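All remarks here apply to the structure that follows.
All ligand and atom numbering here is 1-based and tracks the order in the structure. The structure presented is a predicted model; accordingly, all values stated were derived computationally and were not measured. Only this structure's heavy atoms are used, side chains among them; waters, hydrogens and symmetry mates stay out.
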Amino acid sequence: MTQQITNLAEYKETYQRSIDNPEAFWEEQAESFSWSKKWDKVLEWDFRKPDVKWFAGGKLNITENCLDRHLSSRGDQVAILWEPNDPDNDVQSYTYKELHAAVCKMANALKANNIKKGDRVCFYMPMVPELAIGVLACARIGAIHSVVFAGFSASALADRIKDASCNMVICSDYNARGTKNIPVKAIVDEAISMGCDSVETVLVHRNTGDDVVWNDIDKWWHEEIYDQSPSCPAEVMDSEDMLFILYTSGSTGKPKGVVHSCGGYMVYTCYTFKNVFQYSDGDIYWCTADIGWITGHSYIVYGPLLAGATTVMFEGVPTYPDAGRFWEVCDKHKINQFYTAPTAIRALMARGNQYVDKYDLSTLKVIGSVGEPINEEAWNWYNEHVGKFKIPIVDTWWQTETGGIMITPLPGITDTKPCYASYPMPGVQLILVDSEGNIVEGNDKEGLLCITFPWPSMIRTTYGDHERCRQTYFSSFDNMYFTGDGARRDKDGRYRIIGRVDDVINVSGHRMGTAEVENAINEHENVVESAVVGYPHDIKGQGIYAYVITQNPVSDEEKFQKEVRDVVTKVIGPIAKPDIIQITSGLPKTRSGKIMRRILRKVASGDVSNLGDTSTLLNPEIVEEIKNGAKV
Ligand code: PRX
């Protein structure tokens, strides 16, 4: 069994042991899984390349660990409990036995459609059980899944399909979200028409049953699985074979495909799931994330299923039919662990306490937060109205690249403090450095957050471009992984994540590169150049503030703003729409032509008092214009 820490002394002892001898520590954890061949070496690593191998030479299939391993002990226990968008529709559930059969049928259907080990399969689906089934079916046969969040536009989807040369796309007909019925299949059709030549088949899951246009390469999910056997041998995978690709944004214009591999990801997600949520047999666990993001991969699908948990999947949105939906679902399914995002907490807090206070939340034991810093007001509200001052909040810090939770309180074991993700998980070796890479020693200090030793679920490469992985994460500081975040270590050694120090903004927990948004804005025919920065936003955490230089004067500003937002929606998706657009005749630039974003950030945050030394700018006069035209 994966170790479950139960008290503070054990946490301290385990942490120390994991640092003194990481190989022995992780080997012990890995022993509890089914391997078809044991590893030859626990760890080989070189951060400078980077080249990291966990459980090298080991052979396994992660789905045998998620499913087969549980059949004799918990075959009839619910594995996935699905809550539909419309509360009047039926809940669906899959026991471990049923999930195993469904995954095997789908795996056989994939094989019948020419999908083999190493092929890439793109998913563009709503939060329906078939998404989890499809992802696991890929893992069953060694195909690499690449899930794209179904809020991205056709063009963003096409970029991701092309980057990974996907052989198949799996989608639904429509996506029922609140009162909307989003035509998912039509978006896939549009993406395919943008030159996705590698795609041989589009497999369509019938969700709402509304009409869709049918093309030669399309096949129905239900027809393809109909005759398939409910058993499928699991492909034997090397511990370091790719499990999945997940695209995320960085400081350049092009999203990168973060690659995770089988063995280490399995061990780490299961270990962190059991410890961070203190899951016990019989508990009902709910993470409200979307499987389109890493949180859904690690803590809706893999971590919980590896641990033999009952994991809830929710199709809808927190505000439908009203702002009490989350709490209604917690009450209805007697949720024990609840994991959500600060942006959802802030949005629900703003709607008023009457939506939460009327539900029975007494089954909750742990409540969690992920994706962005949780501000004190939201933390306090969560603590009072959801936790009733009795339940620990786990503010979990991690990233797509880390694969699993890295810094977090352990509920009931370590203390909690608003705004603090707190303490590293066992095996996680953190360090703060200054901009020159000097180690920041001692407590009550701030610095750039780095990790000095490998952990099992870390990023292995960026798909198709290993050098980019090295450059982005391993070149800023020698022999360390650089997170891109700034952090504060308080006097007792707890960590508080301050936010990104690179050109990445975090809007409602969605990570976005400023360059990506700028590229999209620049596609408007009247835009010459743009610069995007984040600014504090009450609900979203950060909003998007865009400074735009136009070719010709704009006579109707409202119309222009709408056009710019439409272009961004088309190129990336509605999540990247700028909140504020300021037209300007220039941008503050250094003599080498670099935009001085520091000034733009200050103006966007409503603070024009002290803009620092602007005399070194190429065009200092522009600062006055920008200040005067500020829209905050
Ligand atoms: O800036 C940090 C912020 O989200 C970034 C990672 O984003 P992504 O890869 O999309 O993964 C989100 C879900 C794991 C981090 O670099 N972040 C994530 N969790 C927290 C956080 N910032 C503060 N506190 C957190 N708990």
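- Of all the heavy atoms of Asp485, the ones lying under 4.0 Å from any atom of ligand 1 belong exclusively to the side chain.
- A donor-acceptor pair under 3.5 Å is absent between the side-chain atoms of Lys390 and the main chain of Gly387, judged by distance alone.
- Between Tyr285 and Phe273, the angle of the ring planes goes over 60°, which puts this pair in the perpendicular group of the 30/60° scheme.
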Would Thr310 and Asp283 count as a side chain to side chain contact (heavy atoms under 4.5 Å, CB included) if you check the C-alpha gap in whole Å, the side-chain angles of each, and the deciding distance to 0.1 Å?
CA-CA 7 Å; Thr310 298; Asp283 284 350; over 6 Å; no

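- Residue contacts with ligand 1, taken as heavy atom pairs separated by less than 4.0 Å, involve Pro373 via backbone and side-chain atoms alike.
- Between Trp26 and Trp54, the two ring planes are perpendicular [angle over 60°; tilted spans 30° to 60°].
- Cation-pi check for Arg488 over Tyr495 is not met; the charged atom does not lie both under 6.0 angstrom from the ring centroid and within 45 degrees of its normal.
- Between His297, Glu401, Arg511, it is Arg511 that holds the heavy atom closest to atom 10 (O) of ligand 1.
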Is there a ring pair (Phe, Tyr, Trp, His ring centres under 6.0 Å) between Trp82 and Phe314? Walk through the geometry before answering.
CA-CA 6 Å; Trp82 179 76; Phe314 174 45; 9.1 Å; no

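- Which of Trp398, Tyr420, Tyr495 comes nearest to atom 6 (C) of ligand 1 through a heavy atom is settled by distance: it is Trp398.
- At a 4.0 Å heavy-atom cut-off, ligand 1 touches Thr396 through the backbone alone.
- Taking the ring centre of Tyr420 as origin, the terminal cationic atom of Lys417 falls inside the region bounded by 6.0 Å and 45° from the ring axis.
- Note: no N/O pair closer than 3.5 Å links Thr483 and ligand 1 by distance alone.
- At the top of the distance list for atom 13 (C) of ligand 1, counting protein heavy atoms only, stands Thr295 OG1, 3.5 Å.
- Between His145 and Tyr302, the ring planes lie parallel to each other; the angle is under 30°, not in the 30° to 60° tilted range.
- For ligand 1, none of its N or O atoms has an N or O atom of Ile294 under 3.5 Å away.
- No hydrogens or angles considered: nothing links the side chains of Thr2 and Gln29 as a donor-acceptor pair under 3.5 Å.
- The N/O atoms of Arg500, backbone and side chain alike, include one that comes under 3.5 Å of an N/O atom in ligand 1.
- Residue-ligand proximity, Val370 to ligand 1, at heavy-atom distances under 4.0 Å covers atoms 13 (C), 14 (C).
- Protein heavy atom in closest approach to atom 8 (P) of ligand 1: Thr400 OG1, 3.5 Å.
- Ligand 1 lies out of reach of Gly499, whose nearest heavy atom is not under 4.0 Å from it.
- A parallel orientation is assigned to the rings of Tyr481 and Tyr473, their planes being inclined by less than 30° (bins at 30° and 60°).
- Near Ile497, meaning under 4.0 Å from any of its heavy atoms, are these atoms of ligand 1: 22 (N), 23 (C).
- The distance from ligand 1 to the heavy atoms of Asn506 drops below 4.0 Å at these ligand atoms: 3 (C), 4 (O).
- Between Thr248 and ligand 1, a contact under 3.5 Å exists for no N or O pair.
- Nearest protein heavy-atom neighbour of atom 19 (N) of ligand 1: Gly371 N, 3.2 Å.
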